[in-house]
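The block underneath contains the structure these notes are about, expressed in C-alpha cells.
Letters go in sequence order (proteins before strands), and every chain restarts at 1.
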2 protein chains.
Amino acid sequence: MTRTHEKVSYAPEGKPAELTPISAAARVEKILKMLEGRWKLSILFQLFGGKVLRFSELERAIPAVSQKMLIQQLRQMEADGMVRRVIYPEVPPKVEYTLTRWGQALCPTLDSLLKWAAVRDELPVPAESVADDAGL
Amino acid sequence: MTRTHEKVSYAPEGKPAELTPISAAARVEKILKMLEGRWKLSILFQLFGGKVLRFSELERAIPAVSQKMLIQQLRQMEADGMVRRVIYPEVPPKVEYTLTRWGQALCPTLDSLLKWAAVRDELPVPAESVADDAGL
DNA sequence: CTGTATCCCGTACGATACTG
DNA sequence: CAGTATCGTACGGGATACAG
C-alpha cells in the first residue's frame, strides 16, 4: 500500500480508484447510515415496485411509527435522494411519496442481502476453535 | 434491468417465503443490525480476502478502536457466524481472527452497495416537486 | 391531512484502569 | 498478548401536544 504517487484518473472512464480496507469500510458505513433509521427499510419496502403512497397511507401501512419519526425518516431519505416528495397544493393538504429511480435500484441489493442471510441458516453450527481444527 | 415492477419474492420451488413489505423489511433490518456496529465494517474489510489477523494486528490496523470495542464487535460477529476465532493455547496468548466462508460471501453484496451508491453521484440533482412535474 | 415542537429515556459507544 | 470491568456521555428514537 505504498502510494507515493497519485495516479489521477488515467483510467478510461469511471473506475472509482483503489479501495483500501479503510476507505471501503468508510464508504459502506456511509451507505449503511442512509439505511439505518428505525423506519427506513419499512418505508423502502412499502414503496418498492413504484408504489405511490401519501403520508397518511404510510402511517397506516406502518402502524408502529409516529408522525415525528415518519416525517423525519422520509425527509432524510429525500435528502439522500432515495425518496421523492410531491406536494399537491390543495386543502386539505396532500403529499405523495415515491422512490426515485435510484431508490428503486436498491431493491436487488437488498435482495442480495436477504439471500446472503438465508444461506447461513442452512449451515452447520460452528464450535469453539482451539489451535488446529478442520472447520472451514 | 430497469424493471419498474420488480417483485421482491420468487415463488417457484420450495422457497417458503412470501415476503410482504413488512416481513421483508424486518428481515433486512435484522441483517443490517449485524453490520451496524461502529467497527464491524472495518473488521470485515480487514479480513476480506481470507486474511488472518491476530487481535493485536487488528488493533493496529484499526487505530481508532479501543480494546473493549474491538473485542465486543468481534464477539458479536463471531456469534453471528461471520467471524472465526482461533485460540492458540500458548504463553503469551495468541488468537487469530478470520472470516467464515459465509462472512466472505458478504463481499459481493457490499460491493453491490458501493456500486449503487456510486450511481447517485452521476445523477442530476432533484428539486422540490409541486403538483405535476416531469421528473422521474 | 401533514406536519412541528418538547420532553424523556435506553443504549451504543468512548475513556480508562485492571488482569490472567 | 488478549482480554474484563466500570463509569460517563451523546444521540437516536418514543410519547405527547400543538399548528397551518
Point to revise | A/Ser112-B/Thr109 side chain donor-acceptor pair, cut-off 3.5 Å | key: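 A donor-acceptor contact under 3.5 Å links the two side chains.
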
Review point. Does one hydrophobic cluster hold both A/Ile31 and B/Val119, with members joined at side-chain heavy-atom distances below 4.5 Å?
Key: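 The answer is yes; both residues are in one hydrophobic cluster.
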
**Study point:** Verdict with supporting geometry, B/Gln67 and B/Glu59, side-chain contact (heavy atoms from CB on, under 4.5 Å)
**Key:** CA-CA 7 Å; B/Gln67 288 187 325; B/Glu59 264 189 292; 3.1 Å; yes

**Study point:** Touch class at under 4.0 angstrom, heavy-atom based, for B/Glu57 against every strand present
**Key:**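 Here B/Glu57 touches no strand at all.
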
Check your understanding: Reckon B/Lys94 touches a base, only the sugar-phosphate, or nothing at all at heavy-atom distances under 4.0 Å?
Key ->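 Here B/Lys94 touches the backbone only, sparing every base.
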
Exercise for review: Kindly determine whether B/Leu19 and A/Leu114 satisfy side-chain contact (heavy atoms from CB on, under 4.5 Å), including the steps that lead there.
Suggested key: CA-CA 11 Å; B/Leu19 286 193; A/Leu114 284 169; 4.0 Å; yes

Exercise for review: Rounded off to whole Å, could you give me the CD-to-P distance for the A/Gln76 and C/dG3 pair?
Suggested key: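 It works out to 15 Å between those atoms.
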
Practice item. Could you check how far CD of A/Glu36 sits from P of D/dG13, rounded to whole Å? Key: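 Rounded to whole Å, this separation is 8 Å.
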
Check your understanding: Does the distance from a Lys or Arg side-chain N to an Asp or Glu carboxylate O, for B/Glu29 and A/Arg38, drop under 4.0 Å?
Key ->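 Yes, B/Glu29 and A/Arg38 are salt-bridged.
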
Check your understanding: For the helix from C/dC1-D/dG20 to C/dG20-D/dC1, what angle lies between the axis at the first five pairs and the axis at the last five pairs, to 10 degrees?
Key ->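 The end axes of the helix from C/dC1-D/dG20 to C/dG20-D/dC1 are about 50° apart, to the nearest 10°.
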
Practice item. Give the nucleotide from the list C/dG3, D/dA2, C/dC1 with an atom nearest to the side chain of B/Ser56. Key: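 Closest nucleotide to the B/Ser56 side chain: D/dA2.
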
Point to revise | Closest to side chain of A/Gln67, choosing from D/dG14, C/dA17, C/dT4 | key: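 Selected nucleotide (nearest to the side chain): C/dT4.
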
Check your understanding: Parallel, tilted or perpendicular: which describes the rings of A/Tyr97 and A/Phe55, with under 30° parallel and over 60° perpendicular?
Key ->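 The rings of A/Tyr97 and A/Phe55 sit tilted, inter-plane angle from 30° to 60°.
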
Point to revise | Closest-nucleotide 5' rank along DNA chain D - winner of A/Pro93 and A/Met69 | key: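 Closest to the 5' end, via its nearest nucleotide, is A/Met69.
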
